[in-house]
Amino acid sequence: MMKLNMVRGFLELATRVTLCIAGVGLLLMMVLVILDVSLKYLINAPVPGTLEMVSFYAMATCAFLPFAYVQKTNHHIVMTLATERMRPKSLRILLAVVHMVSAAYLFLFAWASGVEAIHMSTVGESTSAIHFDILIWPARWCVPVSTFLMGCWMLMQTLLSFTEKTDD
């Protein structure tokens, strides 16, 4: 149980870090877009590379990095029509199976996207803005990191559901 708590502590920290990065990405996206639009209409000089920076960096961080937090807090959309009348023990077993299958898929997805991220990192993937190139390979790491952490939370929640005391 002590090792489980250590792993859970690491997952908590990693989840907080990824959520903070996503929040910073969201703030930067808002500031950049407001600055771009304001400068475009006030002095006819938009910020170069805004579309690329928002598309490749801000969107990736805002869309993927909160995955682990959403899983940790159980805020995914859930359809309970088929499960609302199940006994607690049966529901716990069903959720464990679903979490394990989902975690396996997420780990496979993290591995495949990680291979792609490694490849893009080694070739230095970039895109052209009007006046300069923008390195976009760092944003490729959002997918493997977020899907791996989400899969870890699914396994952690499965383990905790069978180790914590329940009332059934």
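Counting non-hydrogen atoms of neighbouring residues, nucleotides and ligands closer than 6.0 angstrom, the CZ atom of F132 exceeds 12 such neighbours. Annotation: N74, atom CG; neighbour count of heavy atoms from other residues, nucleotides and ligands within 6.0 Å is above 12.
Side-chain contact between M30 and V33 is absent, with no heavy atoms from C-beta onward closer than 4.5 Å.
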Residues T83, L95; criterion side-chain contact (heavy atoms from CB on, under 4.5 Å); working and verdict: CA-CA 10 Å; T83 60; L95 285 175; over 6 Å; no
Does the side-chain contact (heavy atoms from CB on, under 4.5 Å) test come out yes or no for V101 and Y105, once each step is laid out? CA-CA 6 Å; V101 169; Y105 171 78; 5.8 Å; no
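When atom types are taken as modelled, the side chain of Q157 and the backbone of Q71 share a donor-acceptor pair closer than 3.5 angstrom.
Between the NE2 atom of H99 and the CG atom of L106 there is a distance of 10.0 Å, given to the nearest 0.5 Å. In this structure, OG in S161 is found 11.5 Å from CE in M156, a value given to the nearest 0.5 Å. If you take CD on E52 and OG1 on T127, they are separated by 5.5 Å, rounding to the nearest 0.5 Å. One distance of note links CG of L108 with OG of S113; it measures 9.5 Å at 0.5 Å rounding. Here the CG-CG distance, from L65 to L19, works out to 9.0 Å after rounding to the nearest 0.5 Å. Remark: M59 CE to M29 CE distance equals 5.0 Å, nearest 0.5 Å.
Hydrophobic clustering places W141 together with L135 (ILVMFWY residues linked when any side-chain heavy atoms are closer than 4.5 Å, directly or through intermediates). Cluster annotation: I43 is not connected to I34 through the hydrophobic network of ILVMFWY side chains, with a link wherever side-chain heavy atoms come within less than 4.5 Å. Under the 4.5 Å side-chain heavy-atom criterion for grouping Ile, Leu, Val, Met, Phe, Trp and Tyr, F64 is connected to F109 within one hydrophobic cluster. When the side chains of ILVMFWY residues are joined at heavy-atom separations under 4.5 Å, either directly or via intervening members, Y57 and W137 end up in a single hydrophobic cluster. Both F56 and L26 are assigned to one and the same hydrophobic cluster, defined by single-linkage of ILVMFWY side chains at heavy-atom distances under 4.5 Å.
Applying the side chain to side chain donor-acceptor pair (under 3.5 Å) test to every pair with at least one member in residues 6-27, sequence neighbours left out, gives these pairs: E12-K72, T15-W153.
Taking each heavy atom of A96 and F162 in turn, the nearest pair found is CB-CE1, 3.4 Å. For the pair C142 and S146, the tightest heavy-atom approach, listed with the atom from each and the gap, is O-OG, 2.7 Å. Minimum interatomic distance between L11 and C152 (heavy atoms only, all atoms of both residues): CD2-CB, 3.5 Å. For the pair F67 and A63, the tightest heavy-atom approach, listed with the atom from each and the gap, is CE1-O, 3.3 Å. Annotation for F148 and F107: closest pair O-CE2, 3.5 Å, computed over non-hydrogen atoms. Considering every non-hydrogen atom in both P144 and A117, the closest pair reads CG-CB, 4.3 Å.
In this structure, the side chain to side chain contact (heavy atoms under 4.5 Å, CB included) partners of L32, at least two apart in sequence or on a different chain, are V47, T50, M53, V54.
For the side chain to side chain contact (heavy atoms under 4.5 Å, CB included) criterion with L39, the lone passing option out of L42, L35, D36 is L35.
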